[in-house]
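The structure under discussion appears below in the form of structure tokens.
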Amino acid sequence: MTDPVSILNDPFINKGTAFTEAEREELGLNGLLPAKVQALQEQVDQTYAQFQSKVSNLEKRLFLMEIFNTNHVLFYKLFSQHVVEFMPIVYDPTIADTIENYSELFVEPQGAAFLDINHPENIQSTLKNAANGRDIKLLVVSDGEGILGIGDWGVQGVDIAVGKLMVYTVAAGIDPSTVLAVVIDAGTNNEKLLKDPMYLGNKFNRVRGDKYYDFIDKFVNHAESLFPNLYLHWEDFGRSNASNILNSYKDKIATFNDDIQGTGIVVLAGVLGALKISGQKLTDQTYMSFGAGTAGMGIVKQLHEEMVEQGLSDEEAKKHFFLVDKQGLLFDDDPDLTPEQKPFAAKRSDFKNANQLTNLQAAVEAVHPTILVGTSTHPNSFTEEIVKDMSGYTERPIIFPISNPTKLAEAKAEDVLKWSNGKALIGTGVPVDDIEYEGNAYQIGQANNALIYPGLGFGAIAAQSKLLTPEMISAAAHSLGGIVDTTKVGAAVLPPVSKLADFSRTVAVAVAKKAVEQGLNRQPIDDVEKAVDDLKWEPKY
């Protein structure tokens with residue numbers, strides 16, 4: 001018989017006070033729990049009341065993590081009934097606080113796998129130990145270098161992987177027993193952490209080059225060998241590594257980088273939703289990216305691919321994009337351009353005043369973009385002058401200040417709406433309450449990757465797809481961008497988080513169908529929708 005205390009400490013099988021009298025007798029739990037046997041909903045109601053007694057969002061998140069660590073069914077049942085309220089607590093923006101204070105707050109590892117760059121010989125055993133015999137279908141892995149908008153947090157970035165997996169389960173229904181969070185501890189360049197006596201990770205500067213990439217390669221090979229039906233999700237890697245890693249494996253395995261592809265897909269979906277409202281064509285738009293790092297270039301790449309899909313040549317499509325970074329508008333003769341930036345940098349000869357385009361406002365005045373997306377983490381950079389300028393030459397400017405957390409957003413949605421006289425079609429990176437403007441309630445779409453990556457991954461897993469292809473990604477964006485109510489004044493460009501489970505299924509079905517259409521499914525699938533629905537896990541005892 002399994003040790004009774006082990007049962008109560010195993011979040012995959014623990015029911016707490018919901019164990020029946022017969023189960024308590026059979027499992028040796030008599031006397032280890034209060035006498036009352038509760039139904040799951042009673043537990044949910046009681047736990048929610050306890051949650052409400054917490055004062056700060058950080059307190060609330062720590063409380064929810066206690067529930068997660070002891071009872072997965074209770075946690076996910078509770079989460080599913082309060083998705084809108086819990087999303088910013090469980091994930092962004094509150095998760096930034098727990099990441100920054102992870103070592104000080106550490107109680108237990110939450111079932112994650114910790115891989116040490118200095119011990120590649122331990123990769124296989126670590127993954128085996130963390131999986132503990134479970135059939136792992138999804139890994140979320142981070143090295144913590146590019147966390148949200150807050151930078152390098154080393155091993156403390158494990159929280160981002162754990163949080164991502166929670167959203168996969170509550171949004172799409174992936175069985176939590178089939179997922180695993182992984183952190184690669186390759187050091188950190190965060191001086192605060194290096195000097196912090198409580199920091200739990202490796203205290204040396206980040207390992208770069210061949211040693212790092214050899215370690216990544218060993219990790220991928222071991223993961224694929226141990227978990228043959230794996231979908232591998234990369235999260236919050238630094239600018240210098242993210243694209244290299246994705247490009248190394250995207251044509252070999254089913255893999256996905258949320259910062260490069262996820263942000264790109266959800267912004268594409270938001271743009272498609274905005275264009276559905278305005279009645280305009282994507283191929284008629286001029287796109288400006290303020291911020292040309294991993295996220296910014298991922299979005300540009302995604303929209304460029306969509307323009308090509310809609311009939312433009314590769315070169316024609318590139319002419320619709322302009323990049324602005326800290327030095328201003330990026331030109332093709334800049335020796336510091338990254339490989340991702342080079343194809344989209346402007347020709348200096350096209351601008352008579354090129355040397356003066358050293359800030360965002362000057363670039364907007366010179367280029368006249370109809371779409372402006374911010375991934376810069378420079379707060380308040382979308383000024384009143386810029387918004388009014390855009391509103392003067394395009395009827396429905398598409399303006400997405402999506403940097404997060406809130407304190408790093410390029411503008412407040414309320415200001416953008418007011419400065420544009422209600423004309424702007426807005427997407428933000430953080431949740432925003434409805435805005436009352438001239439007698440109408442304007443809903444603001446959140447360009448939250450959670451709108452897309454759970455359904456995308458779930459669809460690929462349901463289809464047992466060998467790869468994640470551009471066509472599957474495009475199908476996901478179109479399925480999400482199509483859920484917009486164009487008849488309503490103030491309609492959001494993206495569907496609300498409150499319907500996360502519903503449209504995650506829509507996305508999953510679209511992705512799985514495309515995988516089967518492309519012949520990527522490992523096993524025959526006669527009914528794609530049934531395959532998706534059969535895989536879905538429900539939180540119940």
Side-chain angles (χ1 to χ4, degrees), residues 82-85 87-88 92-93 266-282 284-288 290 364 368-374 379-407 409-452 477-503 506:
H82 302 279
V83 170
V84 175
E85 183 180 3
M87 278 293 285
D92 186 35
V266 79
V267 170
L268 170 57
V271 168
L272 292 173
L275 294 172
K276 189 176 178 185
I277 294 170
S278 69
Q280 297 176 331
K281 292 170 59 180
L282 178 63
D284 291 336
Q285 306 305 304
T286 301
Y287 182 100
M288 180 170 283
F290 182 49
V364 169
H368 280 187
T370 57
I371 302 173
L372 178 62
V373 175
N380 307 314
S381 49
F382 290 2
T383 62
E384 182 174 359
E385 290 76 15
I386 286 172
V387 173
K388 285 186 172 178
D389 188 17
M390 288 185 67
S391 303
Y393 59 74
T394 183
E395 182 60 29
R396 300 302 303 270
I398 298 171
I399 301 177
F400 285 15
I402 64 170
S403 287
N404 57 64
T406 307
K407 63 186 178 183
E410 288 81 7
K412 293 177 182 175
E414 187 174 4
D415 289 336
V416 174
L417 191 67
K418 180 176 68 177
W419 295 336
S420 66
N421 294 321
K423 295 197 299 182
L425 295 160
I426 305 166
T428 57
V430 294
V432 175
D433 292 334
D434 289 359
I435 300 170
E436 289 293 328
Y437 181 77
E438 294 190 349
N440 292 302
Y442 283 76
Q443 297 175 319
I444 305 301
Q446 185 188 357
N448 184 336
N449 292 17
L451 301 185
I452 200 77
H478 278 274
S479 69
L480 186 64
I483 312 174
V484 172
D485 182 4
T486 58
T487 64
K488 183 180 175 184
V489 174
V493 300
L494 285 162
V497 171
S498 60
K499 294 193 167 115
L500 193 54
D502 294 337
F503 61 74
T506 301

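Below, each value reflects all heavy atoms present in this structure, side chains not excepted, and no hydrogens, waters or symmetry copies. Along the sequence shown, residues carry numbers from 1. Since we're looking at a predicted model, the values are computed, not measured.
- In this structure, the side chains of Met288 and Val364 come closer than 4.5 Å at one or more pairs of heavy atoms.
- Applying the side-chain contact (heavy atoms from CB on, under 4.5 Å) test to Lys499 and every residue at least two apart in sequence or in another chain returns Pro496, Asp502, Phe503.
- Nearest heavy-atom pair, Ala424 versus Ile399, reported as atom, atom and distance to 0.1 Å: CB-CD1, 4.3 Å.
- Between Ala411 and Val416, the shortest heavy-atom distance links the atoms CB-CG2, 3.7 Å.
- To the nearest 0.5 Å, atoms CG (Leu282) and CD1 (Ile371) are separated by 6.0 Å.
- Looking at heavy atoms from C-beta onward, Val83 lies out of side-chain contact with Ser498 at the 4.5 angstrom threshold.
- With rounding to the nearest 0.5 angstrom, the CD1 atom of Ile402 is 13.0 Å from the CZ atom of Phe290.
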Under 3.5 Å, which donor-acceptor pairs do the side chains of residues 425-439 form with other protein atoms, sequence neighbours left out?
| unit_1 | atom_1 | unit_2 | atom_2 | d |
| --- | --- | --- | --- | --- |
| Thr428 | OG1 | Val430 | O | 2.8 |

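- Annotation: the span from Lys388 atom NZ to Tyr393 atom OH amounts to 15.0 Å, rounded to 0.5 Å.
- Atom OH of Tyr442 sits about 13.0 Å away from atom CD of Glu414, to the nearest 0.5 Å.
- Under the 4.5 Å side-chain criterion, counting only non-hydrogen atoms from C-beta, Leu275 is in contact with Gln285.
- In this structure, the side chain of Asn421 does not engage the main chain of Lys423 through any donor-acceptor pair within 3.5 Å.
- The side-chain heavy atoms of Ile398 and Leu372, taken from C-beta on, include no pair separated by under 4.5 Å.
- Side-chain atoms of Ser420 come within 3.5 Å of backbone atoms of Leu417 as a donor-acceptor pair (strictly under, hydrogens ignored).
- Taking every heavy atom of both residues into account, Gly374 and Glu410 meet most closely at C-OE2, 3.1 Å.
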Table please: side-chain donor-acceptor pairs of residues 477-494 below 3.5 Å, with sequence neighbours left out.
| unit_1 | atom_1 | unit_2 | atom_2 | d |
| --- | --- | --- | --- | --- |
| His478 | NE2 | Glu306 | OE2 | 2.6 |
| Ser479 | OG | Ala475 | O | 3.3 |
| Ser479 | OG | Ala476 | O | 2.8 |
| Asp485 | OD1 | Thr487 | N | 3.1 |
| Asp485 | OD1 | Thr487 | OG1 | 2.5 |

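- The structure places OG of Ser403 at 7.5 Å from CZ of Phe382, a figure rounded to the nearest 0.5 Å.
- How far CE of Met390 is from OG1 of Thr370: 6.5 Å, rounded to the nearest 0.5 Å.
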